[in-house]
Participant: 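Got a structure for you, written out below as structure tokens; questions coming shortly.
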Amino acid sequence: ALPVCMNFGRFRLCYETALKSNPNLQGTVTVSFVIGVDGSVSSVGGGGLGEVGSCVVRSFGGLSFPQPEGGIVKVTYPIAFSPGG
């Protein structure tokens, strides 16, 4: 899960952009994705928090992970956002 932590800044940017129009926005974006045998991300879906969720889901499309042992890995990853977080 290391690449998710390393990319949190880009997810946060999605949230901070939305905060400009809705300063009290908070909640959780849940992303579901598949890590392929080569470590690339495919089948990204999920959402929550409207445009924040769409932006985060788009950001996951460009991530890559270490190659998983034993085939593909399905992941569901919730990311909580709050104004002070």
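Because only heavy atoms are used, hydrogens play no part in the values below, and waters and symmetry mates are left out as well, while side chains stay in.
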Participant: Which heavy atom of P83 sits nearest to which heavy atom of R12, and what is that distance?
Facilitator: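 The answer is O-NH2, 3.6 Å.
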
Participant: Any idea which heavy atoms bring S59 and F11 closest together, and the distance?
Facilitator: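 So the minimum-distance heavy-atom pair works out to CB-CE2, 3.6 Å.
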
Participant: Relative to each other, are the rings of F60 and F33 parallel, tilted or perpendicular (30° and 60° limits)?
Facilitator: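 Tilted.
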
Participant: Is F65 linked to V75 within one hydrophobic cluster, defined over Ile, Leu, Val, Met, Phe, Trp and Tyr using a side-chain heavy-atom separation of less than 4.5 Å?
Facilitator: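 Same cluster: F65 reaches V75 through Ile, Leu, Val, Met, Phe, Trp or Tyr contacts under 4.5 Å.
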
Participant: Are any side-chain N or O atoms of Y15 and backbone N or O atoms of L25, one a donor and one an acceptor, separated by less than 3.5 Å?
Facilitator: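 Yes, because the side chain of Y15 sits within donor-acceptor range (under 3.5 Å) of the backbone of L25.
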
Participant: Indicate every side-chain donor-acceptor pair of residues 40-53 with a distance under 3.5 Å to a residue at least two apart or in another chain.
Facilitator:
{"unit_1": "S40", "atom_1": "OG", "unit_2": "D38", "atom_2": "OD1", "d": "2.7"}
{"unit_1": "S40", "atom_1": "OG", "unit_2": "D38", "atom_2": "OD2", "d": "3.4"}
{"unit_1": "E51", "atom_1": "OE2", "unit_2": "R58", "atom_2": "NH2", "d": "3.0"}

Participant: Sequence neighbours left out, what pairs pass disulfide bond (SG atoms under 2.5 Å apart) with at least one residue falling in residues 11-67?
Facilitator: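 Every disulfide bond (SG atoms under 2.5 Å apart) pair that includes a residue of residues 11-67, provided the two are not neighbours, is C14-C55.
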
Participant: With side chains defined as the heavy atoms from C-beta onward, is the minimum distance between V31 and T76 less than 4.5 Å?
Facilitator: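 A side-chain contact under 4.5 Å is absent here.
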
Participant: May I have the step-by-step check of side-chain contact (heavy atoms from CB on, under 4.5 Å) for F81 and V56, ending in yes or no?
Facilitator: CA-CA 11 Å; F81 293 99; V56 170; 4.2 Å; yes

Participant: Going hydrophobic residue to hydrophobic residue with side-chain gaps under 4.5 angstrom, can you get from I72 over to Y77?
Facilitator: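 I72 and Y77: separate clusters.
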
Participant: Would F8 end up clustered with L19 when hydrophobic side chains under 4.5 Å apart are linked, directly or stepwise?
Facilitator: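 Both belong to a single hydrophobic cluster.
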
